[in-house]
Number of protein chains: 2
Amino acid sequence: MPKQIASEVEKSLRQRIAAGEWSHDGQLPAERDIAKEYAVARNTARRAINALVDEGVISRHVGRGTFVRPADEVDMNDILQRVTGVSPTDMMTVRRLVEPQAAAIAVTMASASDLDAIVEAHEMAKAERDPAKFEYWDAQIHHRIFKAARNELLMSLHDILRVIRNRDPWIELKRKRFSEERRLGYCAQHEDIVRMLKDRDAAGASDAMLVHMNAIEMNLFGRLN
Amino acid sequence: MPKQIASEVEKSLRQRIAAGEWSHDGQLPAERDIAKEYAVARNTARRAINALVDEGVISRHVGRGTFVRPADEVDMNDILQRVTGVSPTDMMTVRRLVEPQAAAIAVTMASASDLDAIVEAHEMAKAERDPAKFEYWDAQIHHRIFKAARNELLMSLHDILRVIRNRDPWIELKRKRFSEERRLGYCAQHEDIVRMLKDRDAAGASDAMLVHMNAIEMNLFGRLN
DNA sequence: CTAATATGAACCAATGATGAGCCAATTATC
DNA sequence: GATAATTGGCTCATCATTGGTTCATATTAG
């Protein structure tokens, strides 16, 4: 048998990868360059490289190059990454699903100071005519209602929704659809919600929040989904 | 720099933004100027910039320019940190809030093949007596119901719940509380849910899911919250 | 000699970079 | 208010790089 050049190259490459020689950006030299470096034919270098691909040590992409395989972790980060790109309609469906119930829970869980905080945000929103600042206090109202529900996970989920809403496509959408008339509508709806919370009326708070959600959806899309 | 120029530019821009180079008025140079500065094609600069937009680091507006975005009040990393430590009771509250409604949405959105997939998972769960494998198919049933609702965000939220439930404290809790009797109870509840889905009965599916959630909560904590 | 391996060359297909052009939204100017 | 300049949004054709594949030929161990 002829000399096993390919497996020699393979062994060498494996060592160099393990040593972290290309861990900077994870990219190995091009097939042709590796062949040149080891002074072997491209096909020989190729077989060595292919062996490593089969082992799962590296991965290759036509036109891009060969890369050290990053340890793949399918976890929360991936989910959050995906979450940031969801469509406004999907988002509103979820808000309509979650917020009324959060309000209902808040009715039973809120302390007096929780309610005060909500009322305060509502008063600030009512007094504010600058769209951006109104927007802030509007968000605060909702945030404080979730906080009043005293459920860490629920609050975190709401925070996720907020982060999404603070991203570009949303800001544009909201900016274009904003008007004084709508601001007043929102304030009136907030008023209803706050009253139901203070009355400790769970069903009423839930209903009032749903009305509010529907109003937002109408303003954003001109229809309900 | 023959390859991956865009990501090099992206990295550089990210650093300069973090260093506060444009924090004065928050406005970055025009796309065309950035391209000129890095001596790359406009499309290349554009790709780098787009990557940063996708990350939410900057925002762009036609005719106005590109701007660094103020750091989110709450950023995803904080949320992630908080979310992973939530208590089982908070988690169950959220599940009880979300899952019945997801089932109701699934009723209206599910395609025939979505329903088939759910039925399949249910059949697998019924046939499986090994706790770990039953657990897997049980999770699949719920996952496929969320998938059938055809809402990306909703699915992602469910993914988050799953990740939390797969963390250590939960696994212990579930293992201790598992019994053949309870497995049969869960199967019967799944049966009801699946039937309602097939009957396209939104209220029924929601109710059946709520019954299931309450059963889980009873098994875990010996009481409802 | 034979079989397995190595070689070198050619061509294909996917990807990324480039440069140019045009459009649409916004802002500045008159 | 109308107009021009600026800026991001988008498409296209072209080129270079890179892995994917095949084939004829040379080399070497058994």
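Naming convention: chains lettered A, B, ... in sequence-line order (proteins, then strands); numbering from 1 in each chain.
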Notebook entry, point to check: Just how far, in rounded Å, is P of C:dG16 from CD of B:E10?
Noted result: 13 Å
Margin query: Below 4.0 angstrom, which residues in residues 31-52 of chain A have at least one non-hydrogen atom near DNA chain D?
Written below: A:E31, A:R32, A:R42, A:N43, A:R46
Next item on the list: Mind listing the closest non-hydrogen atom pair of B:L154 and A:V94 along with its distance?
Entry: N-CG2, 3.9 Å
Note to self: Less than 4.0 angstrom from a charged side-chain N to a carboxylate O is my criterion; do B:E37 and B:R16 meet it?
What the structure shows: yes
Margin query: Looking at B:R82 and A:E152, is any side-chain nitrogen of the basic one under 4.0 Å from a carboxylate oxygen of the acidic one?
Written below: no
Margin query: Between A:R150 and A:D114, does any NZ, NE, NH1 or NH2 come within less than 4.0 Å of an OD or OE carboxylate oxygen?
Written below: yes
Next item on the list: Can you see which heavy atom on B:H158 is nearest to which on B:R165, and at what distance?
Entry: NE2-NH2, 4.5 Å
Check: Is the distance from OP1 or OP2 of D:dG19 to the nearest side-chain N or O of A:T66 less than 4.0 Å?
Finding: yes
Next item on the list: Please state how far atom CZ in B:R60 lies from atom C1' in D:dT6, giving the value in whole angstrom units.
Entry: 14 Å
Checklist line | Considering all heavy atoms, the nearest A:R14-A:E55 contact | finding: NH1-OE2, 2.5 Å
Item checked: Atom of A:N151, atom of B:D90 and distance for their closest heavy-atom approach -> ND2-O, 3.1 Å
Next item on the list: Using a 4.0 Å cut-off on protein heavy atoms (strictly under), produce a 5'-to-3' string for nucleotides 25-30 of chain C with B for base contact, S for backbone-only sugar-phosphate contact, and - for none.
Entry: BBS---
Next item on the list: Report the distance from atom CD of A:E8 to atom P of D:dT28, rounded to the nearest whole Å.
Entry: 16 Å
Notebook entry, point to check: Quick one: do A:K133 and A:E128 make a salt bridge, cutoff under 4.0 Å?
Noted result: no
Check: Separation of A:D54 atom CG from D:dG19 atom C1', in whole Å?
Finding: 15 Å
